[in-house]
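Lettering follows sequence order; numbering is per chain, from 1.
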There are 2 protein chains.
Amino acid sequence: MDQPARTPRQIGAALQRRRKLLGVSQEDLGSRVQLRQSTISKLEGGDPGTKLSTLLDTLAGLGLEFVIRERSKDQPDIEDLF
Amino acid sequence: MDQPARTPRQIGAALQRRRKLLGVSQEDLGSRVQLRQSTISKLEGGDPGTKLSTLLDTLAGLGLEFVIRERSKDQPDIEDLF
DNA sequence: CGTCAATATACGCTAAAGCGTATAATGTTG
DNA sequence: CAACATTATACGCTTTAGCGTATATTGACG
């Protein structure tokens, strides 16, 4: 159930999935971690310019964390292949 | 061997460890992924303002990837506890 | 369909990333 | 210690994130 995330879009999608699973709105999450709703929206949308701090705060706010591991060759590299 | 990374500093440290393990300089890595040596330096130093794209490019350049998982309670949250 | 919640966008403003280019501060080795 | 490599900083410049505030879109539901 751990998701590899190599692109901003994959990360955004994972965050959104989790948020919805928790049944919380961008607004709620935003006020929880001191970020604007619009910022969360951009992040979930896969904005590559998002600041690391913003991402980490949001992750934490959703009860998630990053793990760094060696790149597994199996997954398609081309990303977002649809 | 997979490292949880909850803060910019932890991430920077992990990247640096990996880079040294590969025996490559910041300069080499930088030209490899189209980033300046100074940028890599800041990233490894734990700059929270680093752009997501910069981080992901660097990770890829080092043959690493992120995995998103549920926050494990065991690790100390206070971070960088030394 | 109407209504209210939720999300995507917009605009002016401030702060700062990363660039290009250099140089200081450290490391590393012979 | 000398000489070279590596890494940390610096400065001006351009671009953009996120803020604050607001609104346009879209979604869910009675």
Side-chain angles (χ1 to χ4, degrees), chain A residues 3 5-66 68 70-71 79-82, chain B residues 3 5-66 68 70-71 79-82:
Chain A
Q3 337 218 15
R6 298 181 177 174
T7 67
R9 295 194 42 181
Q10 285 189 327
I11 292 175
L15 293 182
Q16 185 171 72
R17 250 193 312 281
R18 171 70 168 185
R19 180 178 59 77
K20 289 188 171 168
L21 192 127
L22 296 182
V24 68
S25 71
Q26 293 180 340
E27 184 72 44
D28 294 340
L29 176 57
S31 65
R32 225 176 182 317
V33 296
Q34 236 39 331
L35 289 172
R36 321 211 75 280
Q37 175 263 318
S38 63
T39 302
I40 306 281
S41 175
K42 277 184 68 182
L43 172 53
E44 289 187 354
D47 179 3
T50 304
K51 285 190 204 163
L52 178 53
S53 58
T54 296
L55 173 57
L56 291 178
D57 289 349
T58 303
L59 264 185
L62 291 171
L64 296 174
E65 72 182 358
F66 269 141
I68 299 180
E70 227 168 293
R71 218 168 162 85
E79 264 329 302
D80 299 9
L81 30 63
F82 45 83
Chain B
Q3 337 219 12
R6 299 181 176 174
T7 67
R9 295 192 42 181
Q10 284 187 326
I11 292 175
L15 292 182
Q16 185 170 73
R17 251 194 312 281
R18 171 69 168 185
R19 179 177 60 77
K20 287 186 172 166
L21 191 127
L22 296 182
V24 68
S25 70
Q26 295 180 339
E27 184 72 43
D28 294 339
L29 176 56
S31 63
R32 226 175 182 315
V33 296
Q34 231 47 325
L35 289 172
R36 321 211 82 285
Q37 176 263 319
S38 62
T39 300
I40 306 280
S41 176
K42 277 185 69 183
L43 172 54
E44 289 187 355
D47 179 2
T50 304
K51 285 190 203 162
L52 177 53
S53 59
T54 296
L55 173 56
L56 291 177
D57 289 349
T58 304
L59 264 186
L62 291 170
L64 297 174
E65 71 181 357
F66 270 142
I68 299 181
E70 228 168 293
R71 219 167 160 87
E79 263 328 302
D80 299 8
L81 31 62
F82 45 85

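Taking every side-chain heavy atom of Ser25(B) into account, dT7(D) is the closest of dT7(D), dA6(C), dG20(C). Here the nucleotide nearest the side chain of Asp47(B), chosen from dT9(D), dA8(C), dA17(C), is dA17(C). Distances were taken from every side-chain heavy atom of Lys51(B) (C-beta onward) to each of dA8(D), dA17(D), dG18(C); the shortest belongs to dG18(C).
You won't find any donor-acceptor pair under 3.5 Å spanning the side chain of Gln37(A) and the base of dA6(C), going by distance alone.
Looking at heavy-atom distances under 4.0 Å, Thr54(A) makes contact with sugar-phosphate atoms alone, never a base. Residue Leu35(A) is classed as a sugar-phosphate contact, given heavy-atom separations below 4.0 Å to backbone atoms only. Across all strands, Thr50(A) comes closer than 4.0 Å only to sugar-phosphate atoms, never to a base (heavy-atom distances). Counting any heavy atom pair closer than 4.0 Å across all strands shown, Thr39(B) reaches sugar-phosphate atoms only and no base atom.
For the pair Thr58(A) (side chain) and Thr54(A) (backbone), a donor-acceptor distance under 3.5 Å is present. In this structure, the side chain of Arg18(A) engages the main chain of Leu62(A) through a donor-acceptor pair within 3.5 Å.
Counting to the nearest Å, the P atom of dA17(C) and the CG atom of Leu52(B) are 15 Å from each other. Taking atom CZ of Arg19(B) as the reference point, atom P of dA8(D) lies 8 Å away to the nearest angstrom. As a whole-Å value, the separation of Asp57(B) CG from dG18(C) C1' is 12 Å. The nearest whole Å value for the distance from the NZ atom in Lys42(A) to the C1' atom in dG18(D) is 8 Å.
For the pair Gln16(B) and Gly49(A), both in contact range of DNA chain D, the more 5′-proximal nearest nucleotide belongs to Gln16(B).
Taking the charged nitrogens against the carboxylate oxygens, Arg6(B) and Glu65(A) do have a contact shorter than 4.0 Å, which makes a salt bridge.
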